[in-house]
Amino acid sequence: GIQVEQSPPDLILQEGANSTLRCNFSDSVNNLQWFHQNPWGQLINLFYIPSGTKQNGRLSATTVATERYSLLYISSSQTTDSGVYFCAVERGFGNEKLTFGTGTRLTIIP
Amino acid sequence: GAVVSQHPSWVICKSGTSVKIECRSLDFQATTMFWYRQFPKQSLMLMATSNEGSKATYEQGVEKDKFLINHASLTLSTLTVTSAHPEDSSFYICSARIRLGLRNEQFFGPGTRLTVL
């Protein structure tokens, strides 16, 4: 099956810092989503981004499908950004289920 | 929009009992829902795909007789953990899929934390 690796596995930053999270995947995909899992376990949809670039406030994401990676940028970090960030991919073409990456645990220190 | 609820949010039960978890799409219809399991500090693992009006499709290694899935309507899927044992303790999360043309997007419930004593 498809492999999804995220880096770094852990990241500790001061409030106000910027960060870049990376997601590499081993095969072509039809769908890529970024999620934030908050400390209570809820997954929050951040981006649906199989290709291209999107921005939403302090967050933006870029997927380069031909090179099989996606990046999530967080600017001016706040303590509420803490949690685990997952990317998940779907191959499509009859295989329509999400495979989750290994996750990046982000801790923002006041 | 695209809100998914789960009930209960947490449950503690004795070994050997069965536990039912409900997953509802509140503001949309979902022909397909998914059940995941997550162990502490690990990623989500897909257990099964739940299709409205038909049998669920289970991932390799998931016991279908232990994890019974029913998708009786376009807004409700249930997962029943039968004869639960301590090793079934975990965080169970459901999702519902919205399909708009070529776009397939999943939205997740808040999860159910199961502890089996």
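Naming convention: chains lettered A, B, ... in sequence-line order (proteins, then strands); numbering from 1 in each chain.
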Note to self: Quick one, L44(B) and L98(A) - any side-chain contact, counting heavy atoms below 4.5 Å?
What the structure shows: no

Next item on the list: Indicate if V84(A) and L32(A) have the same hydrophobic cluster label, given that clusters are the connected sets of ILVMFWY residues with side-chain heavy-atom separations under 4.5 angstrom.
Entry: no

Side chains of residues 56-64 of chain A: which donor-acceptor pairs under 3.5 Å do they make with residues two or more places apart or in other chains?
residue	atom	partner	partner atom	Å
R58(A)	NH1	S75(A)	O	3.0
R58(A)	NH1	S76(A)	O	3.2
R58(A)	NH1	D81(A)	OD2	2.9
R58(A)	NH2	D81(A)	OD1	2.9
R58(A)	NH2	D81(A)	OD2	3.3
T62(A)	OG1	T53(A)	OG1	3.0
T63(A)	OG1	I49(A)	O	2.7
T63(A)	OG1	S70(A)	OG	2.9

Check: Can you tell me if NZ on K66(B) sees more than 12 non-hydrogen neighbours from other groups inside 6.0 Å?
Finding: yes

Note to self: To the closest 0.5 Å, what do you measure between CG (L100(B)) and OH (Y48(A))?
What the structure shows: 9.0 Å

Notebook entry, point to check: What are the two closest heavy atoms between G101(A) and S43(B), and how far apart are they?
Noted result: O-OG, 2.6 Å

Margin query: Is the distance from the ring center of F108(B) to that of F100(A) below 6.0 Å?
Written below: yes

Check: Taking all non-hydrogen atoms of both residues, which atom of I93(B) and which atom of G41(A) are closest, and how far apart?
Finding: CD1-O, 4.5 Å

Check: Do you know which of R97(B), R113(B), Q6(B), Q42(B) has the most heavy-atom pairs with chain A at a distance under 4.5 angstrom?
Finding: R97(B)

Checklist line | Co-membership, hydrophobic cluster, residues I21(B) and F107(B), 4.5 Å side-chain | finding: no

Next item on the list: Give the cluster check for F35(A) versus M45(B): same hydrophobic cluster or not, with ILVMFWY residues linked at side-chain heavy-atom distances below 4.5 Å.
Entry: no

Next item on the list: Sort Q6(A) into side chain, backbone, both or neither according to what part of it lies under 4.5 angstrom from a heavy atom of chain B.
Entry: neither

Check: Are F47(A) and F86(A) in one and the same hydrophobic cluster, where Ile, Leu, Val, Met, Phe, Trp and Tyr link if side-chain heavy atoms are under 4.5 Å apart?
Finding: no

Margin query: For K54(A), I'd like to know if atom NZ has over 12 heavy atoms of other residues, nucleotides or ligands within 6.0 Å.
Written below: yes

Notebook entry, point to check: Within the distance-only criterion (no hydrogens, no angle test), does the side chain of N45(A) pair as donor or acceptor with the backbone N or O of Q106(B) below 3.5 angstrom?
Noted result: yes

Check: Heavy-atom count around H7(B) NE2 within 6.0 Å, excluding the residue itself: above 12?
Finding: no

Item checked: Interface residues of residues 48-61 of chain B facing chain A - non-hydrogen atoms under 4.5 Å apart -> E59(B)

Checklist line | Side chain to side chain, P110(B) and W40(A), heavy atoms closer than 4.5 Å | finding: no

Note to self: Is there a path of hydrophobic side-chain contacts, each under 4.5 Å between heavy atoms of I/L/V/M/F/W/Y residues, joining L43(A) to L72(A)?
What the structure shows: no

